[in-house]
Each structure stands twice: as C-alpha cells, then as structure tokens.
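In the text below, chain A, chain B and the rest are named by the order of the sequence lines, each starting its count at 1. Small disclaimer: the values here were computed from a predicted structure and weren't measured.
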Amino acid sequence: GENVEQHPSTLSVQEGDSAVIKCTYSDSASNYFPWYKQELGKGPQLIIDIRSNVGEKKDQRIAVTLNKTAKHFSLHITETQPEDSAVYFCAASGGGGADGLTFGKGTHLIIQP
Amino acid sequence: SAVISQKPSRDICQRGTSLTIQCQVDSQVTMMFWYRQQPGQSLTLIATANQGSEATYESGFVIDKFPISRPNLTFSTLTVSNMSPEDSSIYLCSAGQAYEQYFGPGTRLTVT
C-alpha cells in the first residue's frame, strides 16, 4: 500500500518568512495530493491540492509543487502570519477520488511573532 | 465544498459498550470515508462507506468491530463496538466530491 513520509515534524519560522513542508510517497499509481490544515480541536481543512498531471499550483500565499519522477511534493507558504500556526498534513491517493487518503505524520508549524 | 456535521462531538464511554457516531453532509456525495486520529497523531483510514453496499475496510479494521451504515447519499454512521481503552481516539468522517475530500469536526471518544 501507499506510504507517505512528511518532514519536518516541527517547523518554527519568523512571522513574514516562508515555510516549506516536504512529503514523499511510495506508490507511483497515486495521482492526487492534497494538503490539510488542522487547528486544535477541529477537523482537517483542505487548503490546496494538486493532481499528477500538474507540476505546480498556487493560491494566494500558498503553493504546492509536485515532482512525479522523484515522488515528492511540497507545500510552500509565503509571508507567514500568526494564523498560519497549525498542524499541516500531506496526503496521497489514487483511484481518481474514489480512494481514501493516506496521510503523512504531520508538521506542527509555529509562527514566531 | 461540502459541509459535514458529526454527532456526538465527544463522549465518555465504559469499556464493553458500543457507540454510534453519525455523519451528515449538506449535499449528496458519492464517497464517504471514516478515519481515526489518535491524540497528536496522523489520520488512518478505517473504511469507505459505500451507498447501497457493504463498507470496504482497510487492513487492521473489521466489520464486527466497526460496523458502518450508508443508507443514502448524505448520511453515514460508524459504530465502535465492545469498546476498550485502546479505542479512545478522534473519529472523523469525510465526504468526497470528485477528487476532493472534506472532513467533519470529529468525535472525541474516551473509553474508561
């Protein structure tokens, strides 16, 4: 089955700086890679996603890149703000949306004022 | 995006009892899923709730322990049966629209 590795487990950055979280996956059949933000006591919130036929996607301060050859995808957050502090999870799935997600272990992002 | 609600939001149960968690979606969706998240940990897929047929379970999860119903395209239930303290966790349902999956707020279960 699929295995998703996520690094780092904790990331502390100064407000206004950029943050990068990296994930690798094992199953070359995976074709969908979402990122979730989870705040304390809440369910995961989908913030951005990318499909295997796209190399990069951007939404305001958030971007995701995908390298299919290396089986590697990354989340980039620019101009970080205090409200970006949360746990971020990457995930992968195949099957065109009919499959459940395999999650990475999560990154605790801390924005220092 | 789909809006998902879960009931109850939290519960404390005695070992040996069962709890049924309800998941309601504000629109019809093809796919619904159930996940478990132990405190401070990642999410693990329990099963896919199929409308009109039996749920599909992931390795390590069985129907006798986690029976699932999916009576229509907006609703599903997960029962945690014969609970033990190891079942203490957050249980989350999600709804799939095309590729995207949206999550409910979760049910925090404590088994004493």
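- Checking A/Ser18 against A/Thr78 by side-chain atom types alone, no donor-acceptor pair falls below 3.5 Å.
- Between A/Phe103 and A/Phe89, the ring planes are perpendicular. Angles over 60° get that label, and only those under 30° would be called parallel.
- A 6.0 Å sphere centred on CD of A/Glu79 holds no more than 12 heavy atoms belonging to other residues, nucleotides or ligands.
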Requested in this report: Before giving the answer on side chain to side chain contact (heavy atoms under 4.5 Å, CB included), spell out for B/Leu78 and B/Cys93 the whole-Å C-alpha distance, their side-chain angles and the decisive distance to 0.1 Å.
Outcome: CA-CA 9 Å; B/Leu78 169 75; B/Cys93 74; over 6 Å; no

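- More than 12 heavy atoms of other residues, nucleotides or ligands lie within 6.0 Å of CD in A/Gln112, so this atom counts as buried by the packing criterion.
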**Report entry** side chain to side chain contact (heavy atoms under 4.5 Å, CB included) evaluation trace for B/Glu100 with A/Tyr32
**Finding:** CA-CA 9 Å; B/Glu100 298 167 348; A/Tyr32 176 64; 3.6 Å; yes

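- Residues of residues 103-112 of chain B lying under 4.5 angstrom from chain A, judged on non-hydrogen atoms, are B/Phe103, B/Gly104, B/Pro105 in numerical order.
- Along residues 5-14 of chain A, no residue comes nearer than 4.5 angstrom to chain B, judged on non-hydrogen atoms.
- Aromatic ring pairs are classed by plane angle as parallel below 30°, tilted from 30° to 60° and perpendicular above 60°; the pair A/Tyr25 and A/Phe33 is tilted.
- At least one donor-acceptor pair under 3.5 Å links the side chain of B/Tyr35 to the backbone N or O of A/Leu101.
- By the 6.0 Å contact criterion, CZ on A/Arg61 is enclosed, its count of non-hydrogen atoms from other residues, nucleotides or ligands being greater than 12.
- Ranking A/Pro34, A/Pro44, A/Gly106 against chain B, the residue ahead of the rest is A/Pro44, based on heavy-atom pairs under 4.5 Å.
- Between chain A and the residues B/Ser42, B/Ser1, B/Gly40, B/Ser9, the largest count of heavy-atom pairs under 4.5 Å involves B/Ser42.
- Between A/Asp49 and A/Lys57 there is a salt bridge, since at least one side-chain N of the basic residue sits less than 4.0 Å from a carboxylate O of the acidic one.
- If you measure heavy-atom distances from A/Gln45 to chain B, you find no contacts under 4.5 Å at all.
- Highest contact tally toward chain A, considering only B/Gln6, B/Glu58, B/Gln41, B/Gln37, is held by B/Gln37 [criterion: heavy-atom pairs under 4.5 Å].
- Proximity to chain A (any heavy atom under 4.5 Å) is shown, for B/Leu43, by both the backbone and the side chain.
- Exactly one residue among B/Gln28, B/Gln51, B/Gln24 makes a side chain to side chain donor-acceptor pair (under 3.5 Å) with B/Thr74. That residue is B/Gln24.
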Query raised in the report: Between A/His72 and A/Cys23, is a side chain to side chain contact (heavy atoms under 4.5 Å, CB included) present by the stated rule, with each step listed?
Result: CA-CA 6 Å; A/His72 171 276; A/Cys23 288; over 6 Å; no

